[in-house]
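Letters A, B, ... mirror the listed sequences (proteins, then strands); counts begin at 1. Just so you know, these numbers use all the heavy atoms, side chains as well, and skip hydrogens, waters and symmetry mates.
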Number of protein chains: 2
Amino acid sequence: MTETRVERKERTRRAILDAALELCEDSSLVALSLRQVAGRVGIVPTGFYRHFDSIEALGLALVDESFVSLRAMLRDVRRVEAGGTAPVSFAAIVDRSVDTLVSHVHAQRAHFAFIARERTAGPPAVREAIRHEIELCERELATDLARLPGPDAWSAEDLRILSNLIVTAMVHTAESLISSAGRPEAERRLTQTARTQLRMVIIGALHWRSGQD
Amino acid sequence: MTETRVERKERTRRAILDAALELCEDSSLVALSLRQVAGRVGIVPTGFYRHFDSIEALGLALVDESFVSLRAMLRDVRRVEAGGTAPVSFAAIVDRSVDTLVSHVHAQRAHFAFIARERTAGPPAVREAIRHEIELCERELATDLARLPGPDAWSAEDLRILSNLIVTAMVHTAESLISSAGRPEAERRLTQTARTQLRMVIIGALHWRSGQD
DNA sequence: ACAATGGGTGAACGTCTGTGCACTCAATCT
DNA sequence: AGATTGAGTGCACAGACGTTCACCCATTGT
């Protein structure tokens, strides 16, 4: 016996998740059929039920999996920010953060594409799950920002609003990166755009409540 | 005879467009079937072909229609900006612009929801059409911004990047407004968030290239 | 008055869909 | 050793799907 029973089951489950991720890449979960997935995996349609109750349940599992990738990215970004004890410039933080985003989007294309797509087009339960996860990310970002120098004038509400803006911009950047796959010059351009936008936002936030008319 | 022949055809065409817009509201175009649409309209499935070659062609027509609504909004925003001859504050421009966005999203919910959803989840041709239209909007916004006071330090590239950021934030605001339908307090909160974000971005842009570290 | 047009019909096709049910048989438990 | 479990099978069903074709018949152009 080279494989235990639970191992074999887990392997099939993984194959189903991978197949689903690939198959819905150019449409959406709502257009994905149980039979397509089973066919791709190499099992009979009814075998699918041994692992998931429905395509929607599969979708929720894919949400979990995708956000593991996204949180890994956030951890990397945070590690950069808190890197040395010496104070670093905002511009440096921005550049490193964008680089981290780009490399993670490359490494986990399918997961980021899944989130971007199903966020607006998935089954209601999937949409809601993604919305909730993103909200958690925004809250995490807000507490990170609170630790940065210069936020004395930022209220809790301002932090929430700023985090929301930054996350929105980064989600959009990820979407664009995904749809520009394999066009390096377009990607460099997008990267530069993201850097500039993030800097503008930070500068705006730093002058917030002091530079109003 | 109360209706001419072309009128009757146009009426059926409209009914198809409306039915499709409603039916794909809680899924996506890629999950919409020709038979569902025909059934809702009250014609036999084959009758569909008298008006469109495929669901995808229908989708492209819906893109056109939806962007008529979106451009009407942009026209309203522009009218506010260029309102009087007296110089108005950026804050006032922002407030009025956000109000205009909110009221148009209310009035044309289905169109804005369609754009937001199919932008990432529609058939490839539809996605591309939407991406292209949004890019045109960004260019228009860039030329509008160039006319505003204070942009002496903004290069053409800066304008493009700034427009992209603003459009992204507003698309996101529209998405949120749509998914918060019928919860007035959530809507007011979103409106306030959008206002603050837009102000932060403008302030950041105004300090751009002068307040860098 | 007559012929042509074209929006809408209705049946039929082959294919794909989700799901139910009885089954096998190797891995696991007792 | 023997009983149990459970992942995967195979068949069958009813329904939805896109598309074809020949067919109406009211509106139109002549």
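Ion pairing between E135(B) and R131(B) holds under the 4.0 Å rule for side-chain N and carboxylate O. One finds no salt bridge joining R96(B) and D99(B) here, because no Lys/Arg side-chain nitrogen approaches an Asp/Glu carboxylate oxygen to under 4.0 Å. Using a cutoff of 4.0 Å between basic side-chain nitrogens and carboxylate oxygens, R75(A) and E140(A) are not scored as salt-bridged. Classification of R119(B) and E175(B) as a salt-bridged pair holds, one side-chain N sitting under 4.0 Å from a carboxylate O.
Rounded to an integer number of Å, the gap from CD of E7(A) to C1' of dA7(D) is 15 Å. Atom CD of E3(B) and atom P of dG8(C) are 11 Å apart (whole Å). Here dT19(D) presents its C1' atom at 9 Å from CZ of R35(B), a figure rounded to the nearest Å. As rounded to whole Å, 7 Å separates atom P of dT19(D) from atom CG of L34(B). Rounded to a whole Å, the CZ atom of F48(B) is 13 Å from the P atom of dG8(C). Rounded to an integer number of Å, the gap from R40(A) CZ to dT17(C) P is 14 Å. Remark: C1' of dG8(D) and NE2 of H51(A) are 8 Å apart, rounded to the nearest angstrom. Regarding E10(B), its CD atom lies at a distance of 17 Å from the P atom of dG6(C), rounded to whole Å.
For W154(B) (side chain) and A205(B) (main-chain N/O), a donor-acceptor pair under 3.5 Å exists by modelled atom type.
Among the nucleotides dC21(C), dC17(D), dC21(D), the one closest to any side-chain atom of Q36(B) is dC17(D). Distance from the side chain of K9(B) is smallest to dG7(C) among dT9(D), dG7(C), dG18(D).
Each of D53(B) and V44(A) was matched to the nucleotide of DNA chain D holding its nearest heavy atom; the match closer to the 5' end belongs to V44(A). In terms of position on DNA chain C, the residue among R5(B) and I43(B) whose nearest nucleotide sits closer to the 5' end is R5(B).
Regarding contacts with the backbone of dT28(C), a side-chain N or O of T4(A) is found under 4.0 angstrom from either OP1 or OP2. Remark: S33(B) is in phosphate contact with dC17(D), judged by side-chain N or O atoms under 4.0 Å from OP1 or OP2. In terms of phosphate contacts, T46(B) brings no side-chain nitrogen or oxygen within less than 4.0 Å of OP1 or OP2 of dT19(D).
Among the protein residues, S54(A) comes within range of no part of the nucleic acid, since none of its heavy atoms lies under 4.0 Å from any strand.
The base of dG6(D) does not come close enough to the side chain of R50(A) for any donor and acceptor atom to sit less than 3.5 Å apart.
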